[in-house]
Amino acid sequence: QVQLVESGGGLVQAGDSVRLSCATSGRTFSSYGLGWFRQAPGKEREFVAVSWSGGSTYYADSVKGRWTISRDDANNTVYLQMNSLKPEDTAVYYCAAILSGVVVSPRNYPYWGRGTQVTVSS
């Protein structure tokens, strides 16, 4: 199996930047796409970004141009650089791993971290 642990969240002000990290362990790390989802209170879990070994990435429209996903396969870690944060970005952010399927659907990710809270104040 694949284990994932997120870190880097916290309380920040609008306009600030945060870098989330997801440390992974398990077999065949490079075979998985590594993605970020977020879930605000009372809302559905929402796709944010995904990165595949080799450099392919895909972003939700809400974050494209503001945020960057990257991965370090040698260290089994994926990052989410979050710039120009807005109050509506407040959510629990989850790291997840996918082998195949539509990347925006959380049902296609068999492995998840516990999440890290990002709170953006105005």
Side-chain angles (χ1 to χ4, degrees):
Q1 65 180 57
V2 177
Q3 297 176 346
L4 309 97
V5 180
E6 305 92 337
S7 63
L11 176 62
V12 299
Q13 294 184 351
D16 284 354
S17 296
V18 169
R19 189 194 195 197
L20 303 183
S21 298
C22 175
T24 70
S25 62
R27 60 184 302 188
T28 62
F29 173 83
S30 63
S31 298
Y32 290 88
L34 296 175
W36 290 95
F37 287 77
R38 66 184 181 184
Q39 188 166 22
K43 299 185 67 176
E44 296 288 318
R45 190 162 297 189
E46 177 188 28
F47 171 79
V48 175
V50 66
S51 176
W52 296 92
S53 179
S56 296
T57 60
Y58 181 72
Y59 297 89
D61 289 341
S62 60
V63 307
K64 188 175 183 179
R66 288 194 298 150
W67 299 357
T68 302
I69 187 171
S70 61
R71 61 190 288 164
D72 183 352
D73 288 342
N75 292 303
N76 299 338
T77 304
V78 64
Y79 305 94
L80 184 65
Q81 179 65 44
M82 307 162 66
N83 298 326
S84 302
L85 283 162
K86 306 173 182 179
E88 52 262 43
D89 295 321
T90 296
V92 176
Y93 284 75
Y94 297 91
C95 181
I98 185 174
L99 278 174
S100 63
V102 178
V103 297
V104 300
S105 174
R107 294 195 300 175
N108 292 324
Y109 292 73
Y111 303 107
W112 293 83
R114 291 183 177 271
T116 184
Q117 176 72 45
V118 176
T119 302
V120 185
S121 63
S122 60

Review point. Heavy atoms, side chains only, cut-off 4.5 Å: are D89 and W67 in contact?
Key: yes

Practice item. Would you kindly confirm whether V78 and L99 end up in one hydrophobic cluster when ILVMFWY residues are joined by side chain heavy atoms under 4.5 Å apart? Key: yes

Review point. What residue pairs, at least two apart or across chains, pass disulfide (SG to SG under 2.5 Å) with a residue in residues 38-79?
Key: none

Review point. If every non-hydrogen atom of F37 is compared with every non-hydrogen atom of V103, which pair is closest and at what distance?
Key: CZ-O, 3.7 Å

Exercise for review: Please tell me if the side chains of V2 and Y32 come closer than 4.5 Å, counting only heavy atoms from C-beta onward.
Suggested key: yes

**Study point:** Close side-chain approach of Y93 to E6, heavy-atom, < 4.5 Å
**Key:** no

Revision key, fill the gap. In short, salt bridge (charged side-chain N to carboxylate O under 4.0 Å, His left out) pairs touching residues 42-52 with sequence neighbours left out are R38-E46

Exercise for review: Please name all residues satisfying side chain to side chain contact (heavy atoms under 4.5 Å, CB included) with K64, sequence neighbours left out, ordered by chain then number.
Suggested key: Y59

Review point. Between the main-chain N or O of T77 and the side-chain N or O of N75, is there a donor-acceptor pair closer than 3.5 Å?
Key: no

Point to revise | Partners meeting side chain to side chain donor-acceptor pair (under 3.5 Å) with D61 (sequence neighbours left out) | key: none

Check your understanding: Do any N or O atoms from the side chain of S105 and from the backbone of V102 form a donor-acceptor pair under 3.5 angstrom?
Key -> no

Point to revise | Main-chain N/O of V120 paired to T90 side chain as donor or acceptor, under 3.5 Å | key: yes

Exercise for review: Give a yes or no on whether V12 and L20 share a hydrophobic cluster (residues Ile, Leu, Val, Met, Phe, Trp, Tyr; joining criterion: side-chain heavy atoms under 4.5 Å apart).
Suggested key: yes

Review point. Which residues satisfy the side chain to side chain contact (heavy atoms under 4.5 Å, CB included) test with A23, sequence neighbours excluded?
Key: none

Study note, to complete from the structure: So OG1 of T24 and CG of L4: to nearest 0.5 Å the spacing works out to 6.0 Å

**Study point:** D73: salt bridge (charged side-chain N to carboxylate O under 4.0 Å, His left out) partners, not counting sequence neighbours
**Key:** R71

Practice item. Not counting sequence neighbours, list each pair that qualifies as a disulfide (SG to SG under 2.5 Å) and has a residue in residues 42-90. Key: none

Review point. Restricting to pairs with a member in residues 92-106, which pass salt bridge (charged side-chain N to carboxylate O under 4.0 Å, His left out), not counting sequence neighbours?
Key: none

Exercise for review: Measure across V118 and G9 and return the closest heavy-atom pair with its distance rounded to 0.1 Å.
Suggested key: CG2-CA, 4.0 Å

**Study point:** Shortest non-hydrogen contact from Y109 toward A96
**Key:** CD2-CB, 3.4 Å

Practice item. Give the cluster check for M82 versus Y94: same hydrophobic cluster or not, with ILVMFWY residues linked at side-chain heavy-atom distances below 4.5 Å. Key: no

Review point. With sequence neighbours left out, which residue pairs that include part of residues 89-122 fulfil the disulfide (SG to SG under 2.5 Å) condition?
Key: C22-C95

Study note, to complete from the structure: Sorted by chain and residue number, the side chain to side chain contact (heavy atoms under 4.5 Å, CB included) partners of Q81 (sequence neighbours excluded) come out as S17, R19, T68, N83

**Study point:** Heavy-atom pair of closest approach, residues L34 and I69
**Key:** O-CD1, 3.5 Å

Review point. Taking only residues two or more places apart in sequence, or in another chain, which ones meet P110 in a side chain to side chain contact (heavy atoms under 4.5 Å, CB included)?
Key: none

Check your understanding: Given the rule in the side-chain contact (heavy atoms from CB on, under 4.5 Å) test, do L80 and V48 qualify, once you have shown the distances and angles that lead to the verdict?
Key -> CA-CA 10 Å; L80 184 65; V48 175; 4.2 Å; yes

Study note, to complete from the structure: side-chain hydrogen bond (donor to acceptor under 3.5 Å, both in side chains) pairs touching residues 110-122, sequence neighbours excluded, are Q117-T119

Exercise for review: Indicate, with yes or no, if F47 and V92 share a hydrophobic cluster defined by side-chain heavy-atom contacts under 4.5 Å among Ile, Leu, Val, Met, Phe, Trp and Tyr.
Suggested key: yes

